[in-house]
**Q** 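Below is one structure. I have some questions about it.
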2 protein chains.
Amino acid sequence: MLTISQLAAYAGVTVRAVRHYHRIGLLPEPERDRSGYRIYDAVAVVRLIRIRTLADAGVPLARVQELLDAGPEVFAGGVQEIDKALHAEIRRLQNTRSRLARLAAGEHLALPQSVVDYLDRLRGLGVEERYIEMERDAWIMIAAQVPHSIDSVIAKKHEELDDPEMVKLYSLLSGALDWPADDPRIVEVADIMERLMVRAVEAGEVDADDGIDDQFVDLLDSTMVESSPHAARLLAILEERGWRGWTRIERVPAERLKTELPPS
Amino acid sequence: MLTISQLAAYAGVTVRAVRHYHRIGLLPEPERDRSGYRIYDAVAVVRLIRIRTLADAGVPLARVQELLDAGPEVFAGGVQEIDKALHAEIRRLQNTRSRLARLAAGEHLALPQSVVDYLDRLRGLGVEERYIEMERDAWIMIAAQVPHSIDSVIAKKHEELDDPEMVKLYSLLSGALDWPADDPRIVEVADIMERLMVRAVEAGEVDADDGIDDQFVDLLDSTMVESSPHAARLLAILEERGWRGWTRIERVPAERLKTELPPS
DNA sequence: TGGAGGGTTGACCCAGCGTCAAGGTCAAGC
DNA sequence: GCTTGACCTTGACGCTGGGTCAACCCTCCA
């Protein structure tokens, strides 16, 4: 008959694995010769190869035992189920391969395609890479907060970009990263923004219910303020004119303007 | 920013996993708010999603860390390697699926195709299933002992089956399982075997160097003897006529016949 | 004010073996 | 008969990638 290493080699497993199967009762302990060595017959070979076939399919050993000790119809059902899982796993790995390819190509993978397309459109308009990166990080955070509605939010941004004034605004903002602190062009930016805001309010496009949490809106705004000295000046100018916010624009009633000051 | 559960949900991992990555230093511990809660930024999202993409590809976390902290060319090389492994894994799973299908179809998988074909040929000759099973188990043991030369051994058996006398022999042996203990047809079997042996010796086809270990040959012979009472009688008749063995046939010189008796 | 639903750390548990450790056995050569 | 090297034996600990309590703290809302 066979020694344990012959058995193991033929079935393509290690000796250690065979002994493990004995301990957990998956493979019955065979007879021993007079020196205590295990000696195996063909039945053991068949069982071990069946065990490996199922285990290679990713079936836990406890389930392998159930299946091998069950009737033929239970076994067939189990095998069918395993095959389905195997098929799903193959597709998962294929999917992982394509994600890996995107990762190698330099994509961040942290954003849905719609946002990536939007950032590419900005890039196409000549917006600087530094500015795009700031936008990207903001979008990553937004997508993390409201993954379900990110596509519709982006759709709105695309519509906004159809307006040449908005395109102009972006190209100014992009360049603004290098402006001196008191650059007068910031007023031009404020003018464009105000025109855009007025138009948006008139078209009834300003809805506070975009699904993004208030605190989070404040946070994005303050991140923006920290990113550039111009941002604070810009917000101040707009606030004088009765507007508040950046991420989400609000009209501030004139009479409240003097009493309500920003907390910080 | 994001809490741990928001981060985890967006990246598709559990909170526990994120904390695990912190412990092993894979994801840097972020700032805490004043109550000790971790707060995450976009950089953490990007890193976590990269971690998951690599981990989903089956990369050990230690290697993920190496890759993410390495330069772009090392990273690219690593990713390529991982992709190769992934591809190999997909093929392995596809292979496992086909083995699984064969298992479900009732195959034993413990034998190479050549032996399965050989057994099918015996079946086609009308040999009984009980006899086939005995043969199968013997072939499993032989294949386990000499996996590299099993195909050539089987090729020889196929040639033997081209001889109508051999076919007759098998059909008799198959039926012999139900013969009464003293059935005279056993002599007919012996006659056929002797004719076949004589022819084999004349053709120079008997070579002791078939790669199968002597002890193992003895073992197969004794298994055969135990399997049926006729087997012992058959061997006895042949031995009277100067032949020894079953698995491997040997001519015994006439002068040694009287002095050398079987030990048991 | 208290309860739900977050968050925090820490400790133990799991499969499926790999990897020593510390020997006993067998076959072969000298 | 002795040694050598390749096997065999049991037993115990280690590893990955977290899951699953436990015991407690923080925040928010009614």
Side-chain angles (χ1 to χ4, degrees), chain A residues 1-27 29-40 44 48 51-68 82 85 96 144-145 213-216 219, chain B residues 1-27 29-40 44 48 51-68 82 85 89 96 144-145 213-216 218-219:
Chain A
M1 325 287 269
L2 304 174
T3 66
I4 194 168
S5 56
Q6 288 175 313
L7 170 74
Y10 186 61
V13 305
T14 63
V15 169
R16 184 66 180 80
V18 174
R19 290 205 272 248
H20 184 62
Y21 299 156
H22 287 320
R23 265 225 296 280
I24 64 177
L26 185 51
L27 192 62
E29 280 278 0
E31 302 286 297
R32 308 286 185 125
D33 68 12
R34 69 191 179 290
S35 59
Y37 290 14
R38 295 177 179 86
I39 42 172
Y40 297 90
L48 181 54
I51 290 170
R52 277 321 307 172
T53 303
L54 291 169
D56 287 343
V59 181
L61 297 185
R63 179 119 180 82
V64 169
Q65 187 152 19
E66 281 177 27
L67 285 174
L68 290 186
I82 292 160
T96 301
Q145 288 251 346
D213 163 47
D214 287 356
Q215 296 189 353
F216 187 59
L219 195 126
Chain B
M1 325 289 264
L2 304 175
T3 66
I4 196 168
S5 55
Q6 287 174 314
L7 170 74
Y10 185 61
V13 304
T14 63
V15 169
R16 184 66 179 82
V18 175
R19 290 205 271 249
H20 184 61
Y21 299 156
H22 288 319
R23 265 224 297 280
I24 64 176
L26 184 50
L27 192 63
E29 279 279 0
E31 302 286 297
R32 307 284 184 127
D33 67 12
R34 67 190 181 290
S35 59
Y37 288 15
R38 295 176 179 86
I39 42 172
Y40 296 90
L48 181 55
I51 291 170
R52 278 321 308 173
T53 304
L54 291 169
D56 287 344
V59 181
L61 297 184
R63 178 119 180 82
V64 169
Q65 188 153 18
E66 280 176 27
L67 285 175
L68 289 186
I82 291 160
E89 174 69 2
T96 301
Q145 288 250 346
D213 163 45
D214 288 355
Q215 296 188 355
F216 187 58
D218 292 349
L219 196 125

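Computed over heavy atoms, backbone and side chain alike; hydrogens, waters and symmetry mates excluded. Chain A is the first sequence line, chain B the second, and so forth, proteins listed ahead of strands; every chain is numbered from 1.
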**Q** Round to the nearest Å and state the distance from B:Asp56 atom CG to D:dG17 atom C1'.
**A** 12 Å
**Q** Rounding to a whole Å, what distance do you find between A:His22:NE2 and C:dG16:P?
**A** 17 Å
**Q** Could you grab the distance from atom CD1 of B:Ile82 to atom CG of B:Leu67, nearest 0.5 Å is fine?
**A** 5.0 Å
**Q** Kindly say if A:Ser35 contacts the phosphate of D:dC8, meaning a side-chain N or O under 4.0 Å from OP1 or OP2.
**A** no
**Q** Output the rounded distance in Å from CD1 (A:Ile4) to P (D:dA6).
**A** 19 Å
**Q** Under the criterion side chain to side chain contact (heavy atoms under 4.5 Å, CB included), which of B:Leu48, B:Ile51, B:Leu7 is the partner of B:Val13?
**A** B:Leu48
**Q** Pick base, sugar-phosphate or nothing for A:Ile24, based on heavy-atom distances below 4.0 Å to the nucleic acid.
**A** nothing
**Q** Return the 5'-most residue of the pair A:Val59, B:Gln6 with respect to DNA chain C, ranking by each residue's nearest nucleotide.
**A** B:Gln6
**Q** Is there a side-chain contact between B:Arg38 and the phosphate of C:dT9, meaning an N or O under 4.0 Å from OP1 or OP2?
**A** yes
**Q** Taking all non-hydrogen atoms of both residues into account, name the closest pair between B:His22 and B:Leu27 and its distance.
**A** ND1-O, 2.9 Å
**Q** By the definition side-chain hydrogen bond (donor to acceptor under 3.5 Å, both in side chains), identify the one residue from B:Arg52, B:Gln65, B:Arg16 that meets it with B:Tyr21.
**A** B:Arg52
**Q** For the pair made of CZ in B:Arg19 and P in D:dA22, what is the distance, rounded to whole Å?
**A** 16 Å
**Q** Whole-Å distance between D:dC28 C1' and B:Tyr37 OH?
**A** 10 Å
**Q** Any idea which heavy atoms bring B:Gln6 and B:Thr3 closest together, and the distance?
**A** OE1-N, 3.0 Å
**Q** For B:Ala144 and A:Leu2, work out which heavy atoms get closest and say how close.
**A** CB-CD1, 3.7 Å
**Q** Could you tell me whether A:Arg32 contacts a base, only the sugar-phosphate backbone, or nothing, with contacts defined as non-hydrogen atoms closer than 4.0 Å?
**A** sugar-phosphate
**Q** Can you name the atoms? Protein N/O to nucleotides 17-20 of chain C N/O, anything below 3.5 Å, with the distance.
**A**
| residue | atom | partner | partner atom | Å |
| --- | --- | --- | --- | --- |
| C:dC17 | OP2 | A:Tyr21 | OH | 3.2 |
| C:dC17 | OP2 | A:Arg52 | NH1 | 3.4 |
| C:dG18 | OP2 | A:Thr14 | OG1 | 3.0 |
| C:dG18 | O6 | A:Arg16 | NH2 | 3.0 |
| C:dT19 | O4 | A:Arg16 | NE | 2.6 |

**Q** In whole angstrom, what separates A:Leu26's CG from C:dG16's P?
**A** 10 Å
**Q** Tell me: CZ of A:Arg63 to C1' of C:dG16, nearest whole Å?
**A** 18 Å
**Q** Toward the 5' end of DNA chain C, which comes first, A:Asp33 or B:Ser5, by nearest nucleotide?
**A** B:Ser5
**Q** Taking all atoms of both residues into account, what is the closest heavy-atom pair of A:Ile39 and A:Pro30, and its distance?
**A** O-CB, 3.2 Å
**Q** Take the protein atom CD of A:Glu66 and the nucleotide atom P of C:dA15, then report the distance between them rounded to whole Å.
**A** 14 Å
